[in-house]
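Quick caveat, the model's predicted, so the values are computed rather than measured.
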Amino acid sequence: IARVIHTHHFNAVCESGLRYSERRSFLYFARNQYERRGSDVTMQCGSLESDASVSWKVNGTDIEAQHQLNGPKLILTQVDLDHNGLYSCFQNPHGERRDTIFLHIGIPPQEPKVTCRSNTYPKGFYCSWHLTHPTYIPSSFEVDVQHNQHSLYVQKDPVHKNRCHVQFPEVFSSSPYKVNVTAVNALGKASATLSFEESAIVKPDPPERVTASPIRLNPRRLEVSWHSPATWPDIDTFPLKYFLRYRPLIHDKWQHVELLDSTSHTITDAYAGKEYIIQIAAKDTEIGTWSDWSVAVHATPWIEDPLPITTTTEVDFPNETKTSPIPSSKAPQKAEPPVGRAARVVTFFSPLLLGMMLLFMW
Amino acid sequence: MDPSHNLASERSSIESTYELTKYLEYQLKEIKDVYLTYLGPPFNEKDFSPPRPNSTALTLPSAATRLELWHGLENQARLAQNQRAYSILLAAVRELARSTLCPSLKTSLLHFCTGLDGLLGSISALMNSLGYSSPAQAAAGELQFPQRGTGSNRPAPLMSQSLKVEGFWILRELQSWLWRSAKDFNRLKKRLRASSLTRHRYY
């Protein structure tokens, strides 16, 4: 494979101090040579006769690695990655450059690891792959997708390198899809086949725009709402069901709720005054697997406002505010958290006031 | 008759039919595992899928369809397709049960057939309440699933490979239909709700 190589050379001129000049040299048609790690490599200097005498350089310097010369050939034994470089040969005695070889040491590819998923059901699915071991040289991939003895059209992903997209030719199919990915490089190739049914690979993206808010005058409730993932194309015909999990920040154990056909839920058993962490996952109502958990949202149930103290008490008012959970939502709530023990001081009139407020609410 | 009352009963009828398909889907998963073990290798191997038989003796109704076609199905056509499919599949599973020699598997398959029969009845009742005619009950010829040959009453190791493949695909297609039906009934429910809203505007 021909390549144009652009190199910079900096020349330091001695004697009268240091002077640097930049010299660009274009090396046309330096050919690539790919060799297997651990093997013995022979490099041929152009098309010179077998009795020609040449000298070699690698990256402009003498070759330090163990090597043998045999006429126009350079032999390197048990090559490794440090043998990589630009090798040039010069014909003796005048030193004309006769050839330039870019040596790349690598290994043939092993079977790639392939996964496929549909987060846009029933539109289509995508497959991703990767090599589990590096090959150290460029590898390309060929993808073939079969269904009902037909080859499906495969579209490369514009952004992700090792990903491609396929449209479902039909829905509710009983026949499996067979995806074959072949990794190819200059030293060899290796294939992997993944076989699956349409229903098995469906996994939506997590729900979006999750919000959780306290509900005024309800110290044990939190109102949670969310949206189906934007990538799911037809929420009406292919509805999703949801799984909500929540726990106070200080506890380890989650509580779960499964919801069908609803994008909101009221938690009614929250611990008063505790900050909660909430997440949602989604799944097609019939097939596939649950999505990953959504981004976590935090919320604290509504806390009753402390009323001003109208009678003197024996309670000492601390100077600093005791830290207490601050609700993170935009619900209307007093910005200042209750002040220490003052929060527990309830005057004689406040239950009446509360009762009156509740009456007005209803 | 009060139209809103009719609609409510139709919706609950669709809902219970939907629940029935979910139940049968779950039941089938269990039976299928046992049946594939009964057939032996390679049928009981993970991800094994034999080529689909295209013989005229076995014309299984395919649940697979182009998305736009499925989307645009009118309510009557949607239900009729389901009805036809289960009529054929019920006969096929009955035949499968008949030719199965393992007694417990035979019992499971026959029990499953009663469930399938129930589903058929549910679909027919729904079609009647919506005012759609039910053609499938008439054609006895179509319902008659061809006998799988005199040699089919054999223990699995002696069954021919083609008979095993047939058995595999009957259950496989039935699985797809139950999955599809769930989506069909959900779609039907939504369409009826939408049409009832427009209907009520005139009352």
Exercise: identify the closest heavy-atom pair between B:W179 and A:S199: CH2-CB, 4.0 Å
query: Around A:R36, counting heavy atoms of other residues, nucleotides and ligands shown, do more than 12 lie under 6.0 Å from its CZ?
result: no
- prompt: Without hydrogens or angle criteria, can the side chains of A:E170 and B:T65 be said to hold a donor-acceptor pair below 3.5 Å?
  reply: no
message: How about CZ on B:R193, more than 12 heavy atoms from neighbouring residues, nucleotides or ligands closer than 6.0 Å, or not?
response: yes
field: Whether over 12 other heavy atoms sit under 6.0 Å from B:Y132 OH
entry: yes
- prompt: What do you reckon, is NZ of A:K113 surrounded by more than 12 foreign heavy atoms closer than 6.0 Å?
  reply: no
- request: Mark yes when over 12 heavy atoms from residues, nucleotides or ligands other than A:Q167 sit less than 6.0 Å from its CD; otherwise mark no.
  value: no
task: Give the member of A:I287, A:D234, A:N148 that has the highest number of heavy-atom pairs under 4.5 Å with chain B.
output: A:I287
- line: Whatever's closer than 4.5 Å to a heavy atom in chain A on B:F48 counts as neither
- prompt: If you take all heavy atoms of B:N186 and A:D236, which pair is closest and at what distance?
  reply: ND2-O, 4.2 Å
query: Are any non-hydrogen side-chain atoms of B:K22 and A:E286 less than 4.5 angstrom apart?
result: yes
- request: Could you tell me whether B:K32 atom NZ has more than 12 heavy atoms of other residues or ligands within 6.0 Å of it?
  value: yes
query: For the residue pair B:R172 and A:S173, what are the closest heavy atoms and their distance?
result: NH2-O, 4.1 Å
message: Does A:H150, at its NE2 atom, have more than 12 non-hydrogen atoms belonging to other residues, nucleotides or ligands within less than 6.0 Å?
response: no
query: Out of curiosity, B:L171 CG to A:S174 OG, how far, rounded to the nearest 0.5 Å?
result: 11.0 Å
- prompt: Can you tell me if CD on A:Q149 sees more than 12 non-hydrogen neighbours from other groups inside 6.0 Å?
  reply: no
- prompt: Which one of B:E25, B:E68, B:E173, B:R52 has the most heavy-atom pairs closer than 4.5 Å to chain A?
  reply: B:E173
message: Is there a side-chain contact between B:W177 and A:F172 in this structure, where contact means two heavy atoms from C-beta onward sitting under 4.5 Å apart?
response: no
statement: CZ (B:R187) and CZ (A:F238) are apart, to the nearest 0.5 Å, by 8.5 Å
field: Residue pair B:D47 / A:S195: nearest heavy atoms and the distance that separates them
entry: OD2-O, 4.1 Å
query: Which pair of heavy atoms, one from A:T237 and one from B:K183, lies closest together, and at what distance?
result: O-CD, 4.3 Å
